[in-house]
Amino acid sequence: MPDEVTAHGGTGRLPVAVVEAYAELARRVLAGPARLGRTRLVAVDGPSGAGKSRFAARLAEALAALPGGRPPVVHTDDLLDGWDDQLTFWSRLDEEVLAPLREGRAGAYRRYSWVRRAFLPRPVSVPVTPVLLLEGVSAARAVVRPEVTLAVFVTAPASLRLARAVWRDGPEILPELRRWHVGERAHFEADDTAAQADLVVDGAPALPLDGDRYYVRVR
């Protein structure tokens with residue numbers, strides 16, 4: 001059972017933080033219907049720097065302990081043809097990964113090298129497995145919702161997200177990153193992504209908890 005923690009914060013309704021276990025979420029995923037062929041697709045969406053990759057990694061770890069084993073994790077950043085391909089990469093993802101899985105066949109894609117600014121020649125296989133984790137901006141977009149078993153939206157304060165991205169990739173990315181933020185905000189508003197998600201997660205929880213085993217649900 002999740003633990004609910006309330007905190008006083010002025011007048012009106014008290015904010016409620018719900019602490020849940022990745023292990024329990026993993027069991028929920030496996031109990032859910034497979035809608036992408038024989039695969040349960042988990043889409044982990046949210047703005048850059050929110051903590052999507054960490055959430056996906058922790059959920060993959062929890063799934064690894066259950067029947068079916070560790071699921072593959074596809075990061076949408078690996079399919080982008082550079083900064084200008086922020087949202088238009090989807091046809092590549094669908095053709096190379098999602099369409100084969102719909103038909104019960106393994107998919108494969110080539111990973112983009114942000115250093116070489118080109119796709120690497122060696123393909124990355126995506127086998128048919130009980131669960132596939134798709135992580136990245138627009139992973140839970142409207143077009144794929146009918147095939148998603150669980151849609152997750154991870155959020156965090158904008159200042160922290162910016163600081164995380166600069167720490168990870170360096171300050172030289174700031175001009176492109178600011179443009180990226182404008183694009184993702186417009187997409188999330190038009191797509192209604194957070195409202196349509198099954199689970200909204202706090203990617204920067206203030207509560208003391210074991211982040212490898214638990215996450216904080218906002219909604």
Side-chain angles (χ1 to χ4, degrees), residues 1-10 12-33 35 40-63 71 73-77 86-87 131-165 180-219:
M1 295 291 291
D3 296 322
E4 293 192 2
V5 180
T6 60
H8 291 280
R13 296 179 59 186
L14 295 177
V16 178
V18 182
V19 179
E20 297 182 331
Y22 285 106
E24 178 58 30
L25 183 61
R27 287 190 286 269
R28 282 171 49 195
V29 169
L30 283 179
R35 296 192 173 113
R40 295 161 184 81
L41 178 62
V42 176
V44 183
D45 208 330
S48 60
K52 301 183 299 299
S53 296
R54 178 181 174 85
F55 183 92
R58 297 297 177 265
L59 181 55
E61 187 73 23
L63 284 160
V73 181
V74 174
H75 303 279
T76 63
D77 281 359
Q86 181 179 22
L87 300 170
V131 178
L132 169 65
L133 295 177
L134 178 64
E135 177 276 322
V137 174
S138 83
R141 63 174 65 186
V143 69
V144 78
R145 283 175 196 151
E147 297 179 303
V148 170
T149 298
L150 179 72
V152 182
F153 191 86
V154 184
T155 186
S159 58
L160 176 60
R161 293 191 289 102
L162 180 64
R164 285 173 171 175
W180 179 279
H181 287 170
V182 171
E184 67 184 11
R185 283 196 300 269
H187 165 74
F188 291 141
E189 182 176 351
D191 188 75
D192 201 24
T193 316
Q196 296 298 323
D198 302 302
L199 179 66
V200 179
V201 171
D202 184 352
L207 293 173
L209 77 163
D210 181 350
D212 290 338
R213 298 174 57 197
Y214 300 98
Y215 62 90
V216 174
R217 174 166 62 85
V218 177
R219 177 180 62 74

ask   = Under 4.0 Å between a Lys/Arg side-chain N and an Asp/Glu carboxylate O for Asp212 and Arg58?
value = yes

query = Is Glu24 salt-bridged to Arg27, going by a charged N under 4.0 Å from an acidic O?
reply = yes

Without swapping roles, check the side chain of [X] against the backbone of [Y] for a donor-acceptor pair under 3.5 Å.
X	Y	result
Arg141	Leu87	yes
Arg40	Val131	no
Arg54	Gly203	no
Asp191	Ala142	yes
Arg164	Gly49	yes
Lys52	Glu135	no

inquiry  = I need the single residue from Thr76, Val44, Val42 that forms a side-chain contact (heavy atoms from CB on, under 4.5 Å) with Leu134. Which is it?
reply    = Thr76

inquiry  = I need the single residue from Leu133, Leu59, Leu132 that forms a side-chain contact (heavy atoms from CB on, under 4.5 Å) with Val73. Which is it?
reply    = Leu133

If I take atom [atom1] from residue [X] and atom [atom2] from residue [Y], how far apart are they, to the nearest 0.5 angstrom?
X	Y	atom1	atom2	value
Thr149	Arg28	OG1	CZ	12.0 Å
Asp198	Arg217	CG	CZ	11.5 Å
His181	Ser48	NE2	OG	3.0 Å
Leu199	Asp45	CG	CG	12.5 Å
Asp202	Leu207	CG	CG	8.0 Å

request  = Not counting sequence neighbours, which residues clear side chain to side chain donor-acceptor pair (under 3.5 Å) with Asp210? List them please.
outcome  = none

ask   = Mind checking whether Phe153 and Phe188 have parallel, tilted or perpendicular rings, split at 30° and 60°?
value = perpendicular

